[in-house]
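Read the structure below first, then the notes.
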Amino acid sequence: MRTNDRPLSWWLTLLAVVLLLPGCQSAGPSDKPVIALIMKSLANEFFLTMERGAQEHQKQHGGDYQLITNGIKDELDVSRQVDLVEQMIGQRVQAIVIAPADSKALVAVCKKAQDAGIVVVNIDNQFDAEVLAAQDVKIPFIGPDNRKGARLAGEQLAKKLQPGDKVAIIEGVPSAFNAQQRKLGFEDALRTAKLTLASSQSAGWEMSKANQVVAALIAEQPDLKGICCANDSMALGAVAALQEAGKSQQVQVVGFDNISAVRQLVKDGKVLATVDQHGDRLAVFGIEYALEILRNKTAPADRETPVDLITADKLK
Amino acid sequence: MKHTAAMRALLAEYLGLALVLAVLIAIFGLTTRNFFAPVTFRTIANQIPVAILLAVGMTLVLSTGGIDLSVGSVLALSGSVFGLLLVKYQAPWPVALAACLATGLACGAINGLVMIRWGLPSFIVTLGMLEMARGAAYLVTDSRTMYIGGNLGNLSQIAVAGVSLGFILAVVLALAAQVVLWRTIFGRYLIAIGTNEEVVRLSGIDPRPIKLAVFMLSGLLAALAAVIHCARLSSADPNAGAGFELQAIAAAVIGGTSLMGGRASVVNSLFGVLIMAVLETGLVQLQAGEPTKRLITGAVIVGAVILDRYRQRGQ
């Protein structure tokens with residue numbers, strides 16, 4: 001239909017307005033410190049759990065601070081996250097707790113926030129050390145050691161296998177720091193146990209992509225014995241591919257994140273192990289740390305939070 | 001229609017794409033250890049039903065000069081409804097199936113009705129639906145992936161000669177859609193609307209119900225794809241299907257369907273899907289890195305469309 005044609009620019013402007021609207025919530029007047037939690041994709045169960053944990057914490061400690069949470073549409077929408085930080089600077093919040101979508105691209109805007117006198121705490125995905133040094137900025141990171149977590153899962157897998165057995169790694173988005181750390185952790189475990197790394201490929205954190213990659217891998221390498229997945233969604237996809245290929249018994253799968261859907265599979269023995277990094281507490285750790293810095297004016301330093309291996313025994 | 005001439009044109013059309021496909025298979029067969037094996041082809045066959053169904057819907061929509069950007073999100077929403085009913089409400093599967101298909105149909109109907117009522121371009125209406133359906137999928141599932149398991153998992157295991165039920169269903173539907181497109185009045189109207197909607201209107205045929213029908217069909221096919229997707233992965237994922245609309249568009253365009261409407265072939269879209277699937281599987285087996293994969297996939301899409309230009313000129 002061409003009855004109501006408008007120029008493309010008109011539609012793009014409309015689109016921009018619609019997309020920007022959700023960002024416009026006001027902090028409101030109050031003398032409590034306002035903490036802005038800036039997340040990655042709130043569509044992702046993991047970040048949603050994180051956000052819920054933070055909101056729960058805020059309710060229990062309602063007198064201590066006000067909370068604004070913001071997330072981006074998908075985990076790769078870096079520029080939108082930069083905009084969110086800018087908005088929070090504009091709203092003059094006291095602290096920003098951020099899970100950066102990119103470990104380098106967000107450094108500059110966070111420095112800007114610090115220069116404006118805002119306390120910035122980094123959670124989930126650690127800022128790149130070199131970029132921090134280059135920009136001469138210190139942002140404390142509080143969060144789990146992803147490499148250690150992945151190593152735990154890899155070691156659990158190694159217990160079931162013999163030296164020389166072939167194992168594949170299904171990576172997350174290659175540019176993400178936690179994806180790189182998890183890959184390194186898996187590799188650490190494989191090296192120690194003298195397992196053979198048959199292939200390491202990215203499935204971009206996605207279930208259906210992992211399903212496709214694993215199906216192709218298992219056809220190419222029928223003697224594969226183990227698959228290390230950098231998150232649980234991809235582990236679900238891997239399990240489905242193995243089932244279809246009739247290789248469920250032969251190939252062991254480990255995941256990462258301990259999402260609800262994977263717990264049943266761990267209980268059933270279809271997934272050997274996953275790693276819990278206590279997602280519901282991650283944002284809370286960051287908020288508590290930010291409050292502490294605001295209160296005591298302490299110098300920021302990195303802090304590690306626990307990671308735990310989850311196996312069928314622990315779920316019973 | 002002159003049948004022999006049509007058949008000859010048909011042969012010429014399929015030959016070009018079949019050639020691209022054969023070259024790809026030959027390259028991967030030579031460069032990897034196990035690509036040229038029955039198991040690889042079975043894997044590919046079991047993987048593509050979702051892409052086929054979406055490409056079928058997209059081809060029909062494109063033939064009218066419209067576009068449906070919402071199919072990936074509609075797939076996620078219908079699948080979420082399906083999973084929710086099965087897991088949370090323990091509904092019997094026929095009920096869940098019906099609700100899932102109804103969801104897809106409803107999304108398609110909303111797309112079509114809004115377009116027609118306010119005379120809006122399908123691009124913007126379905127872009128809106130892309131966001132709305134995705135949001136709704138997150139809402140109904142609480143952004144959580146649901147593990148379905150059980151009977152549904154077994155459903156995807158049913159196979160004839162190693163090829164899944166989903167594949168057979170998808171191919172049969174694609175062939176049926178081709179017949180509809182080329183041999184029925186409805187199909188002629190689709191192409192006619194895509195060629196020149198004004199002429200269709202002036203010749204006394206109301207294009208609106210036809211356009212509504214084609215968007216409803218696209219929604220319904222997305223929902224059907226959702227069922228196959230859920231069955232394959234034994235789970236319902238609200239993030240499912242992101243970017244599938246672009247794959248469906250690419251498959252259709254590789255197959256020579258025009259983005260401007262008026263020219264479409266479902267069977268050729270099938271070739272488009274096959275080319276993309278062979279490429280993806282082959283590149284994994286070659287152990288190509290993510291950047292290389294994307295580079296090559298993009299280049300092949302453009303290359304196939306360029307080839308298509310020459311093919312058209314030849315006819």
Side-chain angles (χ1 to χ4, degrees), chain A residues 1-6 11 14-15 18-19 41-49 73-74 171 173-175 198-209 211-222 232-233 236-237 239-241 243-246 259-265 268 270, chain B residues 32-35 37 39-40 42-44 46-47 50 115-116 118-124 127-128 131 134 137-138 142-147 149 153 156-157 164 197-198 207-208 211 229 232-235 237-242 244 277 280-291 293:
Chain A
M1 289 217 178
R2 304 247 169 238
T3 46
N4 200 5
D5 247 355
R6 293 180 201 271
W11 292 112
L14 179 73
L15 187 68
V18 170
L19 291 180
S41 166
L42 289 182
N44 183 323
E45 174 175 350
F46 179 68
F47 293 105
L48 195 77
T49 310
K73 198 170 72 168
D74 65 61
E171 306 165 32
V173 172
S175 54
S199 182
S200 186
Q201 302 214 21
S202 167
W205 302 128
E206 280 174 40
M207 189 192 303
S208 57
K209 183 92 175 120
N211 181 271
Q212 179 241 321
V213 169
V214 170
L217 262 181
I218 198 75
E220 174 71 4
Q221 314 214 3
D232 281 345
S233 289
L236 284 169
V239 167
Q243 230 158 354
E244 199 166 79
I259 66 170
S260 51
V262 99
R263 270 174 229 148
Q264 189 57 44
L265 290 174
D268 296 348
K270 286 177 182 161
Chain B
T32 68
R33 219 159 9 119
N34 287 327
F35 185 85
V39 57
T40 302
R42 257 205 310 272
T43 304
I44 293 175
N46 291 340
Q47 228 150 40
V50 169
M115 262 177 61
I116 290 165
W118 286 283
L120 297 172
S122 54
F123 186 94
I124 198 72
L127 182 65
E131 286 295 321
R134 182 67 63 185
Y138 290 139
D142 200 17
S143 301
R144 269 159 225 274
T145 299
M146 279 172 297
Y147 179 62
S156 70
Q157 305 286 315
S164 70
E197 192 177 339
E198 206 50 44
R208 289 174 300 181
K211 289 173 79 171
H229 195 71
R232 253 181 73 73
L233 296 168
S234 309
S235 41
D237 174 10
N239 288 305
F244 282 17
E280 280 177 19
T281 302
L283 289 172
V284 169
Q285 297 196 351
L286 257 184
Q287 313 243 13
E290 184 68 14
K293 268 185 218 162

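What you see is a predicted model, and the numbers here were worked out from it, not measured in a lab. Note on naming: letters A, B, ... go to the chains in the order of the sequence lines (proteins, then strands), and numbering restarts at 1 for each one.
The two residues B:T145 and A:A261 make their nearest non-hydrogen contact at O-CB, 3.3 Å. Scanning all heavy atoms of the two residues, the minimum distance from B:A288 to A:Q201 falls at O-OE1, 3.8 Å. What you find for A:A198 and B:Q287 is that their closest heavy atoms are O-NE2, 3.3 Å. Nearest heavy atom pair, residue A:Q243 against residue B:S234, reads OE1-OG, 4.4 Å.
The contact between A:Q212 and chain B is made by backbone and side chain atoms together, counting heavy-atom distances below 4.5 Å. Interface residue A:S208: backbone and side-chain heavy atoms are both found under 4.5 Å from chain B. Residue B:Q47 touches chain A through its side chain alone, counting heavy-atom pairs closer than 4.5 Å. No part of B:A137 comes within reach of chain A, as not one of its non-hydrogen atoms sits under 4.5 angstrom from that chain. The part of B:E290 that comes within reach of chain A is its side chain, from C-beta onward, which places non-hydrogen atoms under 4.5 angstrom from that chain.
With contacts defined as side-chain heavy-atom distances shorter than 4.5 Å, the pair A:L48/B:D142 qualifies. Contact annotation: the side chain of A:E220 never approaches that of B:V284 to less than 4.5 Å [non-hydrogen atoms, C-beta and beyond].
Atom NZ in A:K209 sits 5.0 Å away from atom CD in B:E280 (nearest 0.5 Å). Within the model, atoms CD of A:E244 and CG of B:L233 stand 9.0 Å from one another, a figure rounded to the nearest 0.5 Å. The line from CD1 of A:I218 to OG1 of B:T40 is 11.5 Å long, rounded to the nearest 0.5 Å. Taking CG of B:N239 as the start and CE of A:M207 as the end, the distance is 8.0 Å to the nearest 0.5 Å.
Per-residue heavy-atom pair counts under 4.5 Å with chain B were compared for A:I259, A:L265, A:L236, and the maximum is reached by A:L265.
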